[in-house]
A.B. asks: 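Here you go, one structure.
Please read all numbers here as calculations on a predicted model, not as lab measurements.
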Amino acid sequence: MWHVDCILLIKKQFVMRTIFIILFGLAFTLTAAAQQKQPTWKATDKYKTMKLKEKGDLAVGKELYNKNCKSCHGAKGLGDGPKAATLKTFPGDFTADYFKKYSDGEIYYISFVGHDEMPNYEKKIPDEGDRASVVEFIKKLSKDK
């Protein structure tokens, strides 16, 4: 009888170890995927402290965002627009905690100066008031809206 109990105990330990390994691997994979979704580039010091010269207009910002940004960044700014799947890098989640900590100048830099697959938008949106409007609109994006 003790032999059967021993076999059952060994099977139970094997199952528990297998479950642990699977859960650990899943947690590691999810953590790695989340880290890859954060941008690998940052604004220069000049932009970190930059203050926008004008107050943005949300209606104008929404219009310009929909025209220029939505195809990659998505309607809610989650980085899930129709063109996002064609990119080598994740376009960024404007609703993420890391993004919400950015200053206006950092958002300006990321949005208009560009980097790698993110094109420069300084010529497409030349007006500083329009740029401030886009920054204001991006700051208002949330997963809930």
A.B. asks: What pair of heavy atoms forms the shortest contact from His73 to Gly92, and how long is it?
C.D. replies: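 Distance-wise, the nearest heavy atoms are ND1-O, 3.9 Å.
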A.B. asks: What do you reckon, is NZ of Lys100 surrounded by more than 12 foreign heavy atoms closer than 6.0 Å?
C.D. replies: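 Enclosed.
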A.B. asks: Given the rule in the side chain to side chain contact (heavy atoms under 4.5 Å, CB included) test, do Glu122 and Arg131 qualify, once you have shown the distances and angles that lead to the verdict?
C.D. replies: CA-CA 9 Å; Glu122 292 172 306; Arg131 292 179 189 175; 3.3 Å; yes
A.B. asks: Can you tell me how far apart CD1 (Ile125) and CG (Leu64) are? Round to the nearest 0.5 Å.
C.D. replies: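 These two atoms lie 5.0 Å from each other.
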A.B. asks: Going through the distances and angles, do Leu58 and Lys140 end up as a side chain to side chain contact (heavy atoms under 4.5 Å, CB included)?
C.D. replies: CA-CA 9 Å; Leu58 286 177; Lys140 299 290 183 201; 3.7 Å; yes
A.B. asks: In sequence, state the C-alpha distance, the side-chain angles, and the governing distance for Lys101 and Glu106, and then conclude on side chain to side chain contact (heavy atoms under 4.5 Å, CB included).
C.D. replies: CA-CA 10 Å; Lys101 294 176 185 173; Glu106 288 173 303; over 6 Å; no
A.B. asks: Would you find more than 12 non-hydrogen atoms of other residues, nucleotides or ligands less than 6.0 Å from Lys139 atom NZ?
C.D. replies: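 Enclosed: over 12 neighbouring heavy atoms sit under 6.0 Å from NZ of Lys139.
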A.B. asks: At what distance, to the nearest 0.5 angstrom, does CZ of Phe99 lie from OG1 of Thr95?
C.D. replies: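 Going from the CZ atom of Phe99 to the OG1 atom of Thr95 covers 9.5 Å.
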A.B. asks: Check Ala132 against Glu54 and note the closest heavy-atom contact, atom names and distance.
C.D. replies: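 Looks like CB-O, 3.4 Å.
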A.B. asks: In Å and rounded to the nearest 0.5 Å, what is the CG to NZ distance from Asn68 to Lys124?
C.D. replies: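 One finds 6.5 Å between CG of Asn68 and NZ of Lys124.
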A.B. asks: Among Phe112, Tyr102, Tyr47, which one satisfies side-chain contact (heavy atoms from CB on, under 4.5 Å) with Ile107?
C.D. replies: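 Looking at Phe112, Tyr102, Tyr47, the match for Ile107 under the side-chain contact (heavy atoms from CB on, under 4.5 Å) is Tyr102.
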A.B. asks: Quick one: are Val113 and His115 in side-chain contact, heavy atoms under 4.5 Å?
C.D. replies: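 No; the side chains remain at least 4.5 Å from each other.
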A.B. asks: Mind running side chain to side chain contact (heavy atoms under 4.5 Å, CB included) on Val134 and Glu136 for me, showing each step along the way?
C.D. replies: CA-CA 5 Å; Val134 173; Glu136 285 299 318; over 6 Å; no
A.B. asks: Which atoms form the tightest heavy-atom contact between Lys48 and Ala43, and what is the distance?
C.D. replies: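 Shortest heavy-atom contact: CE-O, 3.2 Å.
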A.B. asks: Find the distance between CE (Met50) and OG (Ser103) and round it off to the nearest 0.5 Å.
C.D. replies: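 Going from the CE atom of Met50 to the OG atom of Ser103 covers 8.5 Å.
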A.B. asks: Please list, chain by chain and in numerical order, all residues satisfying side chain to side chain contact (heavy atoms under 4.5 Å, CB included) with Glu117, sequence neighbours excluded.
C.D. replies: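 Per chain and number, Glu117 pairs via side chain to side chain contact (heavy atoms under 4.5 Å, CB included) with Leu87, Lys88, Thr89.
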A.B. asks: Identify the two heavy atoms, one from Cys72 and one from Pro91, that lie closest to each other, and give their separation to 0.1 Å.
C.D. replies: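 Taking Cys72 first and Pro91 second, the nearest heavy atoms are O-CG, 3.6 Å.
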A.B. asks: Ignoring hydrogens and angles, tell me if any N or O in the side chain of Ser133 forms a donor-acceptor pair with the backbone of Asp57 under 3.5 Å.
C.D. replies: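 The answer is yes, because a donor-acceptor pair under 3.5 Å joins these two groups.
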A.B. asks: Determine the minimum heavy-atom distance between Ile138 and Ser111, stating which atoms define it.
C.D. replies: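 For Ile138 and Ser111, the tightest heavy-atom pair comes out as CD1-OG, 3.7 Å.
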A.B. asks: Gly77 and Leu141: which non-hydrogen atoms are nearest, and at how many Å?
C.D. replies: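 In terms of heavy atoms, the two residues are closest at CA-CD1, 3.9 Å.
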A.B. asks: Taking the inter-plane angle between the rings of Tyr65 and Phe94 on a 0 to 90° scale, is it parallel (under 30°), tilted (30 to 60°) or perpendicular (over 60°)?
C.D. replies: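 Tyr65 and Phe94: perpendicular rings.
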A.B. asks: Can you name the salt bridge (charged side-chain N to carboxylate O under 4.0 Å, His left out) partners of Asp97, sequence neighbours left out?
C.D. replies: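 Partners of Asp97 under the salt bridge (charged side-chain N to carboxylate O under 4.0 Å, His left out) test: none.
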